There are 2 protein chains.
Amino acid sequence: MSQQPSAARARFDRSTWVGVDPSEDEQRRPPLTRPRIVRTALRLADDRGLVALTMRALASELEVSPMALYNHVRDKDELVDLMVDLMLGEVDCSASQGDWAAQLRALVCSYHQVLSAHRGLARIYSVGVRLGPHGLLIMERTLGLLLRAGFSAPDAANAFYALYTYTVGFHQMGRIATLDAPTPDSGTDDQLPRPMAKYGSALPPEQIPSVVAVGAHLDGVRRKGGFEYGLDALLTGLRVKLAGDHDGVPSRPHSSR
Amino acid sequence: MSQQPSAARARFDRSTWVGVDPSEDEQRRPPLTRPRIVRTALRLADDRGLVALTMRALASELEVSPMALYNHVRDKDELVDLMVDLMLGEVDCSASQGDWAAQLRALVCSYHQVLSAHRGLARIYSVGVRLGPHGLLIMERTLGLLLRAGFSAPDAANAFYALYTYTVGFHQMGRIATLDAPTPDSGTDDQLPRPMAKYGSALPPEQIPSVVAVGAHLDGVRRKGGFEYGLDALLTGLRVKLAGDHDGVPSRPHSSR
DNA sequence: ACCTGAACACCGTTCAAGT
DNA sequence: ACCTGAACACCGTTCAAGT
């Protein structure tokens, strides 16, 4: 009762079966390598969330002492960098069809899908962006498309950063809610007729008529084509900017300065 | 030597001077209130960064036991929510001149400036967005401008989320760097002629020609008008989208679906 | 009602020691 | 070279106790 049953059982199995077939035991515990650590860490973050990604938890997942990890990885920051680069390897950087904007759209959408598949990691992505080879390749491809489209080097840097910022930011923004906890009594689904119980807490409804009017649609942004909406607006803006530069016409909405 | 000198000194001062002039001691230690806790926490995060914002550090800054805070604040998450709303109170929500896009631009730029003034808090902002009264007011104003401009409720939600995502994301994105630590030997300034020592580490230069070509401008994005570049592109895209809706012409760059 | 000290269940990481 | 256990310097938070 007061002992840890799983630890006791593990010890028992080990001492019982070791020596009978050592190679089988070896099979069950592959050697600790850097790629295996990073792969396991990414899976752990995917399955149990960012908060569960702990050096200690990762070590126990690998059936190894916490300190064993430090022989293959400098510290947790480096581990996260490696995880991010492993994830970014899934982004499809191959050439696609259409003009520069369409190709840019395909690339960024692939990026978006990969981040969606790894929500836990996507959260931490921003804090200190350290690019590995896969990240650099995405950057290279994006900047190449922009430069070939006709953007100047400074504008390409700005456009890249804007696309990048929007995409990563989209995944870090959580569901919008007010200080009051969301009511968990809604048994049916999301499209409830009166969703303002959530938004009305911090301010009386008569002070936020627009929020009340839009309300029901706000939660759906992340599910529906919310990402593509902003992305297309951004791409349209870039297209107008590029055309304006070639015509010598400023594209600023209001050149108040 | 082995004792903590500051703790010993504090205890000495307290026991020495208490009773001589209690009101003076009272002045030096104003009562612990919720607003004072939140204000001090925001200042602490601004001055010493997010990582220094610790319940224990905050308590010692307020010259109080760590547990005293829990009489005024449920937990650290709630404290952060309150700090965010205090910060958002600095955003200028007053009406401005120009059409809807210009007013939107002024509002978002004020938002951007406030986040710039509180870089530490801006980092954590995304994780769990819980809006207080000030946040709700910004949301109300933004949605109101979009609705009055002619956006439908779903489109207003999407546009709001895009602007919001971009702005907050901009502040969470750190400086772009590669896995190798940046070389701290550059004594002069940022506009160095060979900035590729930073980007060339993870991949050989011949594989990333566009990165090499743009390189020098990438670090400047955050300083220069990098934020405004993307914001204006976004606003232009929204303007085109709105005009397209009124004409019945789809504004998607490529309606491949 | 408000504050305190001690303690709990965690972290990441250093260190000295094992093989 | 690789792994381990013990320990250090932290966290946020609970609890029982003080006033």
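Since we're looking at a predicted model, the values are computed, not measured. Throughout, protein chains are lettered first and strands after them, A, B, ... in sequence-line order, and every chain is numbered starting at 1.
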For B/Glu63 and C/dC2, give me the distance from atom CD to atom P, rounded to whole Å. 20 Å

Using side-chain heavy atoms (C-beta onward) and a distance below 4.5 Å, is A/Tyr111 in contact with A/Leu88? yes

Which dot-bracket string describes DNA chain C (Watson-Crick N1-N3 plus N6-O4 or O6-N4, or G-U N1-O2 and O6-N3, all under 3.5 Å; [ ] crossing; | other strand)? ||.|||||...|||||.||

Answer yes or no: is there a donor N or O on one side and an acceptor on the other, between the side chain of A/Arg141 and the main chain of A/Cys93, under 3.5 Å? yes

Starting at CZ of A/Arg34 and ending at C1' of D/dA1, how long is that distance when rounded to a whole Å? 16 Å

Whole-Å gap separating P (D/dC3) and CG (A/Leu62): 11 Å

Go through B/Leu203 and A/Glu140 one step at a time and tell me if the side-chain contact (heavy atoms from CB on, under 4.5 Å) criterion holds. CA-CA 11 Å; B/Leu203 238 43; A/Glu140 166 64 24; over 6 Å; no

Send over the distance from B/Leu79 CG to D/dC11 C1', rounded to a whole Å. 15 Å

Between CG of B/Asn71 and C1' of C/dC2 the distance, given in whole Å, is 5 Å

Check this for me: does any side-chain nitrogen of one of A/Arg48 and A/Glu61 sit under 4.0 Å from a carboxylate oxygen of the other? yes

Using a strict threshold of under 4.0 Å (side-chain N to carboxylate O), is an ion pair present between B/Arg130 and B/Glu78? no

Using only side-chain N and O atoms of A/His72, determine if any of them is under 4.0 Å from OP1 or OP2 of D/dC3. yes

Short side-chain to backbone donor-acceptor contact, B/Asp92 and B/Ser110, under 3.5 Å: no

Closest to the 5' end of DNA chain D, once A/Arg56 and B/Lys76 are matched to their nearest nucleotides, is A/Arg56

Out of C/dT4, D/dA7, D/dT13, which has the shortest distance to the side chain of B/Asp75? D/dT13

CE of B/Met55 versus C1' of C/dT4: gap in Å, rounded? 15 Å

Take B/Phe170 and A/Tyr166 through the test ring pair (Phe, Tyr, Trp, His ring centres under 6.0 Å) and record every step on the way to the result. CA-CA 8 Å; B/Phe170 189 87; A/Tyr166 172 70; over 10 Å; no

Using only atom types and a distance under 3.5 Å, with no angle test, would you say the side chain of A/Ser65 pairs donor to acceptor with the backbone of A/Met67? yes

Is any side-chain N or O of A/Thr54 closer than 4.0 Å to OP1 or OP2 of C/dG12? yes

Return a single string for nucleotides 14-19 of chain C, one symbol per nucleotide in 5' to 3' order, where B is base contact, S is sugar-phosphate-only contact and - is none, cutoff 4.0 angstrom on heavy atoms. BB----

Closest to the A/Leu32 side chain: D/dG12, C/dT13, D/dC3? D/dC3

Below 4.5 Å, heavy atoms only, C-beta onward: do B/Phe227 and B/Val108 meet side chain to side chain? yes

